[in-house]
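Values reported hereafter were calculated over all heavy atoms of this structure, with side chains retained and with hydrogens, waters and symmetry mates removed.
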Amino acid sequence: MGEEAKEEFEPKIVGFTCNWCTYAAADLAGTSRKKYPPNSRIIRLMCSARLDPMFVLKALLNGADGVFFSGCHPGECHYIKGNFYARRRIAAIRTILKQFGLDDRFKSYWISASEGEKFANTMKSLTEEVKELGPNPMRGKII
């Protein structure tokens, strides 16, 4: 892909976030007027343990250039053990995505409710990483 095409490409990023931590951090970033690219669409989960691997696959196969997941720091879950279950699911998701060659398009983070600036900085760097990867090669191929 040429340099001009890469600069014109604006990635579509889907994020799955915990209601109690990362979603609140995104809200804090907005109310604090922290700037970050508008490329991400966030889907709020009540708990990070509710992340289904099919959500990630469907997002990537239906047009997302990148997917991220973020929840409470391990040990700080509103539902006690939710993020420990989420860590297991993240490992399973990575294994599945390697089969499709998409494992580099899925990122996970632990961001608490008070880390609005960290959320904004993470979104900036994630957008740049996905931009470097270019458009998702699986977009529209399946389903």
Side-chain angles (χ1 to χ4, degrees), residues 1-98 100-140 143:
M1 177 186 287
E3 285 300 312
E4 289 178 19
K6 268 192 182 176
E7 288 192 27
E8 291 177 23
F9 167 66
E10 284 298 325
K12 295 178 185 172
I13 300 170
V14 175
F16 297 96
T17 66
C18 160
N19 177 62
W20 304 104
C21 283
T22 308
Y23 191 83
D27 189 44
L28 178 61
T31 57
S32 301
R33 299 184 187 271
K34 302 293 181 193
K35 296 198 183 285
Y36 59 92
N39 301 62
S40 300
R41 299 297 178 261
I42 296 176
I43 298 169
R44 178 171 42 175
L45 305 171
M46 284 310 291
C47 179
S48 58
R50 304 303 300 159
L51 179 68
D52 186 324
M54 286 305 294
F55 295 166
V56 175
L57 274 175
K58 284 280 206 178
L60 287 167
L61 296 176
N62 285 319
D65 298 303
V67 175
F68 76 91
F69 159 78
S70 187
C72 306
H73 290 279
E76 297 179 10
C77 178
H78 187 79
Y79 297 105
I80 316 300
K81 295 184 182 177
N83 45 24
F84 292 114
Y85 298 132
R87 284 200 308 196
R88 288 189 205 144
R89 288 198 176 149
I90 290 168
I93 290 167
R94 290 194 191 289
T95 301
I96 293 166
L97 292 178
K98 281 182 184 175
F100 292 97
L102 297 171
D103 53 313
D104 56 345
R105 294 185 178 273
F106 175 69
K107 305 291 181 192
S108 60
Y109 309 98
W110 305 113
I111 301 173
S112 74
S114 64
E115 296 178 314
E117 184 149 356
K118 180 178 178 182
F119 178 84
N121 292 336
T122 301
M123 293 300 100
K124 287 175 193 172
S125 64
L126 175 64
T127 301
E128 288 305 313
E129 285 179 48
V130 175
K131 208 179 257 196
E132 281 296 313
L133 292 172
N136 181 352
M138 295 295 287
R139 184 187 295 174
I143 300 175

Practice problem: Kindly say whether Cys18 contributes a backbone atom to a donor-acceptor pair with the side chain of Ser48 at under 3.5 angstrom? | Solution: no

Practice problem: Evaluate the side-chain proximity of Ile90 to Phe106: yes if any heavy-atom separation is below 4.5 Å, no if none is. | Solution: yes

Exercise. State, to 0.1 Å, how close His73 and Trp110 come at their nearest heavy-atom pair, and which atoms those are.
Key: CE1-O, 3.1 Å

Self-check item: Exercise: identify the closest heavy-atom pair between Pro11 and Thr127
Solution: CG-O, 3.9 Å

Quiz item: Which heavy atom of Leu133 sits nearest a heavy atom of Arg105, and at what distance?
Solution: O-NH2, 3.4 Å

Quiz item: Who passes ring-ring contact (aromatic ring centres under 6.0 Å, His included) against Tyr23, sequence neighbours left out?
Solution: none

Exercise. Anything under 30° is parallel, anything over 60° is perpendicular, the rest tilted; go ahead and classify Phe119 against Tyr36.
Key: perpendicular

Quiz prompt | Nearest-0.5 Å distance that lies between atom CG in Asp65 and atom CG in Leu102 | solution = 11.0 Å

Practice problem: Kindly compute the distance separating CD1 (Ile80) from SG (Cys47), expressed to the nearest 0.5 Å. | Solution: 10.0 Å

Quiz item: What are the two closest non-hydrogen atoms of Ser108 and Arg94, and how far apart are they?
Solution: OG-NH2, 3.1 Å

Quiz item: Do other residues, nucleotides or ligands put more than 12 heavy atoms under 6.0 Å from the NZ atom of Lys12?
Solution: no

Exercise. Hey, could you give me the OG1/NZ distance between Thr122 and Lys124, rounded to the nearest 0.5 Å?
Key: 10.0 Å

Self-check item: Backbone of Leu28 reached by a side-chain donor or acceptor of Thr31 within 3.5 Å
Solution: yes

Quiz prompt | Inter- and intrachain pairs under salt bridge (Lys or Arg N to Asp or Glu O under 4.0 Å), touching residues 72-91, at least two apart | solution = none

Quiz item: If you round to the nearest 0.5 Å, how far is OG1 of Thr17 from CD1 of Ile111?
Solution: 9.5 Å

Quiz item: Given Phe16 and Arg50, is the side chain to side chain contact (heavy atoms under 4.5 Å, CB included) satisfied, shown in steps?
Solution: CA-CA 10 Å; Phe16 297 96; Arg50 304 303 300 159; over 6 Å; no

Self-check item: Heavy-atom closest contact (Val67 atom, Ala59 atom, distance)
Solution: CG2-CB, 3.8 Å

Quiz prompt | Phe68 and Ile13, any side-chain heavy atoms less than 4.5 Å apart | solution = yes

Quiz prompt | Residue pairs involving residues 34-46 (criterion salt bridge (Lys or Arg N to Asp or Glu O under 4.0 Å); sequence neighbours excluded) | solution = Lys34-Glu117

Practice problem: Report the C-alpha separation of Phe55 and Leu45 in whole Å, then their side-chain angles, then the decisive distance to 0.1 Å, and conclude whether the side chain to side chain contact (heavy atoms under 4.5 Å, CB included) test is met. | Solution: CA-CA 11 Å; Phe55 295 166; Leu45 305 171; 4.2 Å; yes

Practice problem: Kindly determine whether Phe69 and Thr22 satisfy side chain to side chain contact (heavy atoms under 4.5 Å, CB included), including the steps that lead there. | Solution: CA-CA 9 Å; Phe69 159 78; Thr22 308; over 6 Å; no

Quiz prompt | Met138 side, atom CE; Leu61 side, atom CG - distance, nearest 0.5 Å | solution = 5.5 Å

Quiz prompt | Closest non-hydrogen atom pair between Asn136 and Leu60, with its separation | solution = ND2-O, 2.8 Å

Exercise. Using the side chain to side chain contact (heavy atoms under 4.5 Å, CB included) rule, take Leu57 and Phe100 through it: C-alpha gap first, then chi angles, then the decisive distance, then the call.
Key: CA-CA 10 Å; Leu57 274 175; Phe100 292 97; 3.8 Å; yes

Quiz item: When rounded to the nearest 0.5 angstrom, what distance separates NZ in Lys118 from OG in Ser112?
Solution: 7.5 Å

Exercise. Taking the side chain as every heavy atom from C-beta outward, state whether Leu51 and Ile93 have any atom pair closer than 4.5 Å.
Key: yes

